[in-house]
Amino acid sequence: MAEVTLDVRHLPKEEAYALIETQLDGVLEGIHDEIAVMATISCLLHHGFGHLWTGFYRVVEPGALLRVGPYQGSLGCLAIAFGRGVCGTAAAERRTVVVPDVEAFPGHIACDGRARSEIVVPVTGADGSLLAVLDLDSDELGTFDETDRIALERMVTRFFSAVRPPAEARTA
Ligand code: SME
């Protein structure tokens, strides 16, 4: 496979996301395994935009606890309670949270002290319940805006058809 991760930083955001989504559709054709989808989205977004951290926190105790999932970047915190930090707020309220300056967000969790701005998008699974949140962190202020929110919310609709594979399929 001659696929490479594209650097889309030179493009306007809408075009950058469109290109990444086209590649995502190609790479994930026929793949519905939710972990494979999380890993591939993390990889393409992270290398496409060069963020500090890009990845997922999975709901492991509904309404209570998020656990780190597939991600790229510096070491992430392993667990986040619902209602704590930006991720926990997005999970508890099931809404996208855009933070232009993390120092102005009460309770922000600094897994990496270089983080300056952040966006967290809730991920809904096939059964309509909250599956995870998608978290992007930048080392610059004000990186994320409405364009990111719309594109990332569209991107995570792929999880509407994602499934947790049965145990016997996981080794294939
Ligand atoms: N900043 C996040 C924590 C996760 S990491 O930055 C990878 C938060 O406040 O929820």
Side-chain angles (χ1 to χ4, degrees), residues 5-9 13 16-17 20-21 24 27-28 33-125 128-159 162 164:
T5 50
L6 303 169
D7 186 332
V8 294
R9 278 175 278 197
K13 271 186 189 176
Y17 278 110
I20 285 181
E21 287 183 273
L24 198 56
V27 174
L28 289 177
D33 177 321
E34 65 186 30
I35 299 296
V37 177
M38 287 182 192
T40 306
I41 288 177
S42 300
C43 177
L44 293 185
L45 284 176
H46 191 76
H47 294 285
F49 289 101
H51 294 315
L52 192 60
W53 200 93
T54 312
F56 292 84
Y57 280 91
R58 298 164 301 118
V59 176
V60 290
E61 291 175 27
L65 190 69
L66 298 165
R67 176 80 65 206
V68 76
Y71 72 94
Q72 305 249 334
S74 49
L75 188 64
C77 307
L78 292 189
I80 297 176
F82 272 57
R84 296 258 346 267
V86 186
C87 291
T89 299
E93 300 178 10
R94 286 191 76 163
R95 65 177 178 90
T96 296
V97 181
V98 179
V99 181
D101 178 356
V102 296
E103 288 184 12
F105 188 94
H108 167 259
I109 301 164
C111 301
D112 185 325
R114 295 171 295 172
R116 292 288 171 267
S117 60
E118 177 164 359
I119 184 169
V120 181
V121 178
V123 176
T124 301
S129 66
L130 185 70
L131 179 68
V133 296
L134 170 59
D135 178 17
L136 278 65
D137 294 78
S138 166
D139 59 3
E140 290 176 17
L141 289 169
T143 297
F144 306 105
D145 57 23
E146 271 297 285
T147 304
D148 299 277
R149 183 186 66 75
I150 291 165
L152 295 170
E153 287 181 352
R154 184 174 63 233
M155 202 172 283
V156 299
T157 60
R158 282 164 179 79
F159 291 96
R164 189 162 297 162

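Every value quoted in this text rests on a predicted model; they were computed, and no experiment measured them. When a ligand or atom number is given, it counts from 1 through the structure's own listing order.
- With contacts defined as side-chain heavy-atom distances shorter than 4.5 Å, the pair I150/E146 qualifies.
- F49 is linked by a ring-ring contact (aromatic ring centres under 6.0 Å, His included) to Y17, H51, counting only residues two or more places apart in sequence or in another chain.
- Between S129 and R94, the shortest heavy-atom contact is C-NH2, 3.8 Å.
- Listed as neighbours of ligand 1 are W53, Y57, I80, G85, V86, C87, H108, I109, C111, E118, D135, D137, each bearing a heavy atom under 4.0 Å from the ligand.
- Separation of the Y57 and F82 ring centroids does not fall under the 6.0 Å cut-off.
- None of L45, I119, T96 except one satisfies the side chain to side chain contact (heavy atoms under 4.5 Å, CB included) rule with L134; the exception is L45.
- The shortest distance between side-chain heavy atoms of Y71 and W53 falls below 4.5 Å.
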